Amino acid sequence: MEEEIRATRLAKVEQLKQLGLNPYAYRWESTHHAAELQEKYADLSSGEEVDEEAAIAGRILARRVFGKLAFFTLQDETGIIQLYLDKNKISAGMADLPDAFTHLKQLTDVGDILGVKGTIKRTEKGELSIYVSQYAILTKSLLPLPDKWHGLTDVAKRYRQRYVDLIVNPQVRETFRRRAQITAAIRRYLERQGFIEIETPVLQAEPGGAEARPFITYHNTLEMELYLRIATELHLKRLIVGGFEKVFELGRIFRNEGVSSRHNPEFTTIEVYQAYADYNDMMALTENLVAAVTQEVLGTLKVSYQGETIDLTPPWRRGTMHDLVKEATGLDFTEFKTLAEAKTAAEKVGIEELAGCESIGKVLNEAFEQKVESTLMQPTFVVDYPVEISPLAKPHRQKAGLVERFELFVCGREIANSFSELTDPIEQRQRLEAQAARKAAGDLEAHGVDEDFLTALEYGMPPTGGLGIGIDRLVMLLTDCASIRDAIAFPLLKSASSFIKAFDYNASSQTLRIEFDDGSIYDYQEVPDNVAQGLKSDTSAGQYFNAHIKDKYGFDKVK
RNA sequence: GGGUGACUAGCGCAACGGUAGCGCAUCGGACUCUUAAUCCGCUGGUUCUGGGUUCGAAUCCCAGGUCACCCA
C-alpha cells in the first residue's frame, strides 16, 4: 500500500513537471511565520479580512477540500495556520497558470511543502487564515504521514524516524528547542563569568578521567588503536596547567555501556575548571549556573518533573555522604574500624552486592546508592566522598580518608559531580597506578596511566575546582522527559535485524560467505566443515546462524 | 545480565483454534466557511522472523529479533 501511495505521488511529480512546475523548488521568500500571524491578528474578529499581504511556507498537515473552496492546515516551525483557498481568488492571482486551483486540489497531498501568498482573513467560523492568491508546491512528499488523529505513538518508530515524530508531535520540537536554549544559556552564563570554551580531542590514545569502558577505533595510516573519549577532564586540566584560569567544554563523550531509559552510549557533558578555586566555589557556581539557566529558559525556578514539583531556588540542601547514609540506614560509617565490620552491618540493613567491595569507602558508596540516591528528589549536594571512589580529587583538608568532592542529585539522579582537583603529581601517580593495576587484573572500566597528564601535573597545576554536569539529565529535568531518549534527538538504537538470503561455503579456505536480505555480504573465516553443514541442514538458517556462527567466528564485510 | 509485556494494512486498533476486520489516510465521484469536514463508491495484508503441533494457526508450543517497563 505504501508503495502504491508512493507511485501515485511520483505520478503527481511527473504531472507537476509537465505543467512546467518544479516539484522540488529552489527557494521561497516568506514574510511571516505562523505563530507571528496568530499573535498579531489574535483580536481580528470572525469574518473580517485585512488587506495585508503575507507570504508563508510550511508543510500541509490537513486538507479539507470542497468543490471550489478548500481549507489546508499549514505547519511551519512556529506553529500552524489555515489556508483559505478560494478558486476565484487563485484563478485571478495566478492567471498565467490555467486551472491553478484544480491542480492544487489534485496534485497536493498531506505532507507536501507549500508556499503561499495572500491576505489575512479570519473565517466566519473563527479560524485565522491566509486568503491565498498564489501558491507554489515547494517539495512534493512521497510518503504518507501518520494518522492525523492518533498520530505516531509507536515509541521505537518515534526514535528511529525522529523526523516524522517532529512533524506530527509539536511538543517534541519544543523539547529540542528548549534543549538548545539550555546549552546556549549555559555557555552565555559561563562566558559572562570569564570562562572560555576550548575543544579537546575525542580520539585519544589512552582514555581517562572516568571509570568506564571506552569505544575502540582504529587509525589506518598511523596504524594505531584509538579510543573515543570517556571524559574531557584530563585535557581541560592540561589547559589549566598551561595558564588558562577558567575553561570549559560542552560536548559529547562516549561510554561503551548498556542502553536504557537513563543511559545513551554517547551523551553530552559540560566540564568546567577554575584555577584557584575549590569545591565550595564550584558548589556555588553549580547552584548559580543551574538556577540562572532555569530561570532564563523556563521563567521560574519551580520545575514540574513527572508530576513532582522541584524547587531549584538556592541555596540547596547540603549533606555529607556519611550523614545521609546514617539518616537513611542508622549506620554510622565513621565508627567502623574494619571492612568486615562494615559489611556485616550493611548486610543487616539490607544492602546487597557487597562481595566486590574491597574497602569501607566502597561499602559506604553501595549503601548510599542503594538506600539514599533515589530518595533525593529536591536538589541536594552530597559532599565529602571516600577517596577509594574518587581517584582525581584532593584529600579532604580536615577529614581523613575522604576527599573534597560533591555530587548534585535531583529527582534521584546524579546531575553534577565536582571536586577540589588533585594537584599533587606524586599522589596522582599512585592513584592512577593503582587503577592501572586493576586494569591489568581485568577491570574493563579501569585505565592505564596517562603519563603525559602526570608530566603536566609535574610542571605544576594551580589549585583548581572542577565540575561536570550531565547535560542530557539536566535537559530531562527541564523538559519533563522521563527517558533520556526523549531528550536526545537521535538516540542510539539497535539496528533492525536482517535475514540470511543465501550462503556459500568454500571448504578449502573454510570461508563461509553469507548474504543478508539487506544486500550486505560477509565472509566468516575459519568456519569448520560441520558448522557449515549444520547451517545447510538446519530448518532455520537464521536461527542456526545466531546460535552457532554469529559472534563466534571472525568476519570480513565484503559488501 | 534477569524478569514481564507488546509486535496484525501507511497510522491507530479488533479478531484469542475455523472466511483477517474497523476507523483514519490513500484512490474515484459530489460539494464555496471547513477544522477528526460530510456523503457515495473502491482499493489495500509475508498477522515481526524461522520452525513445530493441528484437518486447520494472527491465535497454542519452541527458538530468534526489535521495542517498552521493572530489576541488577
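In what follows, chains carry the letters A, B, and so on, assigned in the order in which the sequence lines appear, proteins first and then strands, with residues in each chain numbered from 1. None of the values given here were measured: they were computed from a predicted structure. Just so you know, these numbers use all the heavy atoms, side chains as well, and skip hydrogens, waters and symmetry mates.
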Rounded to whole Å, please give me the gap between CZ in A:F72 and C1' in B:C33.
15 Å
Both distances below 3.5 Å, Watson-Crick or wobble geometry, any strand: find the nucleotide opposite B:U54.
none
If you measure from the P atom in B:C55 to the same atom in B:G50, how many Å do you get, rounded?
23 Å
Quick one: look up who B:U66 pairs with, Watson-Crick or G-U, both distances under 3.5 Å, and put none if it's unpaired.
B:A6
Using a distance-only criterion (donor-acceptor N/O pair, under 3.5 Å, no hydrogens), is the base of B:U26 paired with the side chain of A:E4?
no
Distance, rounded to the nearest Å, where A:K157 contributes NZ and B:G12 contributes C1':
12 Å
A:E257 CD - B:G1 C1' separation (whole Å)
14 Å
Can you tell me if A:K68 touches the phosphate of B:C31, counting only side-chain N or O atoms and a distance under 4.0 Å to OP1 or OP2?
no
With a 3.5 Å limit on both atom pairs, tell me what B:C11 is paired to, counting Watson-Crick and G-U wobble, or say none.
B:G23
Of the listed B:U35, B:C27, B:C67, the closest approach to the A:T123 side chain comes from B:U35
For A:V168, which contact category applies under a 4.0 Å heavy-atom criterion: base, sugar-phosphate, or nothing?
nothing
Sticking with atom P, work out how far B:C24 lies from B:A37, rounded to a whole angstrom.
10 Å
Among B:C11, B:C67, B:U35, the one nearest any side-chain atom of A:P146 is B:C11
Taking the six-membered ring of A:Y385, is NZ or CZ of A:R405 closer than 6.0 Å to its centre and within 45° of its axis?
yes
Expressed as a whole number of Å, how far does the C1' atom of B:A15 sit from that of B:C7?
16 Å
For the aromatic rings, using the six-membered ring if either is Trp, is the centroid distance between A:F71 and A:Y84 under 6.0 Å?
yes
Whole angstroms only, please: what is the CG-P distance between A:D109 and B:G10?
17 Å
What integer number of Å spans the P atoms of B:A20 and B:G12?
24 Å
Nearest-angstrom distance, P atom, B:G3 to B:G17
27 Å
Distance col, row A:I90:CD1 vs A:K105:NZ, nearest 0.5 angstrom, shows 11.0 Å
I'd like to check A:T139 versus A:R59 (side-chain heavy atoms, cut-off strictly below 4.5 Å). Are they in contact?
no
CZ (A:R177) with more than 12 external heavy atoms under 6.0 Å
yes
Rounded to whole angstroms, how far apart are CG on A:L145 and P on B:C24?
18 Å
Inter-nucleotide C1' distance (B:C40, B:U66), Å rounded
42 Å
Atom NZ of residue position A:K326 - does it have more than 12 heavy atoms of other residues, nucleotides or ligands inside 6.0 Å?
no
Just N and O in the side chain of A:R160: are any of them under 4.0 Å from OP1 or OP2 of B:C67?
yes
OP1 or OP2 of B:C27 under 4.0 Å from side-chain N/O of A:K12:
yes
Searching all strands shown, indicate the nucleotide that pairs with B:G45 (Watson-Crick or G-U wobble; both distances under 3.5 Å).
none
Atom-pair distance (CD1 on A:I167; P on B:G10), nearest Å
18 Å
Whether the A:E48 and A:S45 side chains hold a donor-acceptor pair (N or O, under 3.5 Å, no angle test) is what I'd like checked.
yes
Determine the interatomic distance between C1' on B:U53 and the same-named atom on B:U19; round to the nearest Å.
23 Å
Rounded to the Å, how far apart are A:R63 CZ and B:A36 P?
17 Å
Does NZ or CZ of A:K121 lie under 6.0 Å from the centre of the six-membered ring of A:Y131, at an angle within 45° of the ring axis?
yes
Under a 3.5 Å cut-off for both distances, is B:C16 Watson-Crick or wobble paired, and to whom?
none
Under 4.0 angstrom, heavy atoms only, what part of the nucleic acid is A:T8 near: base, sugar-phosphate, or nothing?
sugar-phosphate
Counting Watson-Crick and G-U wobble pairs only, both distances under 3.5 Å, name the nucleotide matched with B:U38, or none.
B:A30
Please report, rounded to the nearest Å, how far the C1' atom of B:C33 is from the CD atom of A:E49.
12 Å
Would you say the side-chain atoms of A:D480 pair up with the backbone N or O of A:Q306, donor to acceptor, closer than 3.5 Å?
yes
For this output row, return yes or no: ring centroids of A:F490 and A:Y163 closer than 6.0 angstrom.
no
Between B:G23 and B:U8, how far apart are the C1' atoms? Round to whole Å, please.
15 Å
When you match A:T73 and A:L69 each to their closest nucleotide on RNA chain B, which lands nearer the 5' end?
A:L69
Would you mind telling me which residue lines up with the more 5' stretch of RNA chain B, A:V110 or A:R64, judged by nearest nucleotide?
A:V110
Neighbours of RNA chain B within residues 84-92 of chain A, by heavy-atom distance under 4.0 Å
A:Y84, A:D86, A:N88
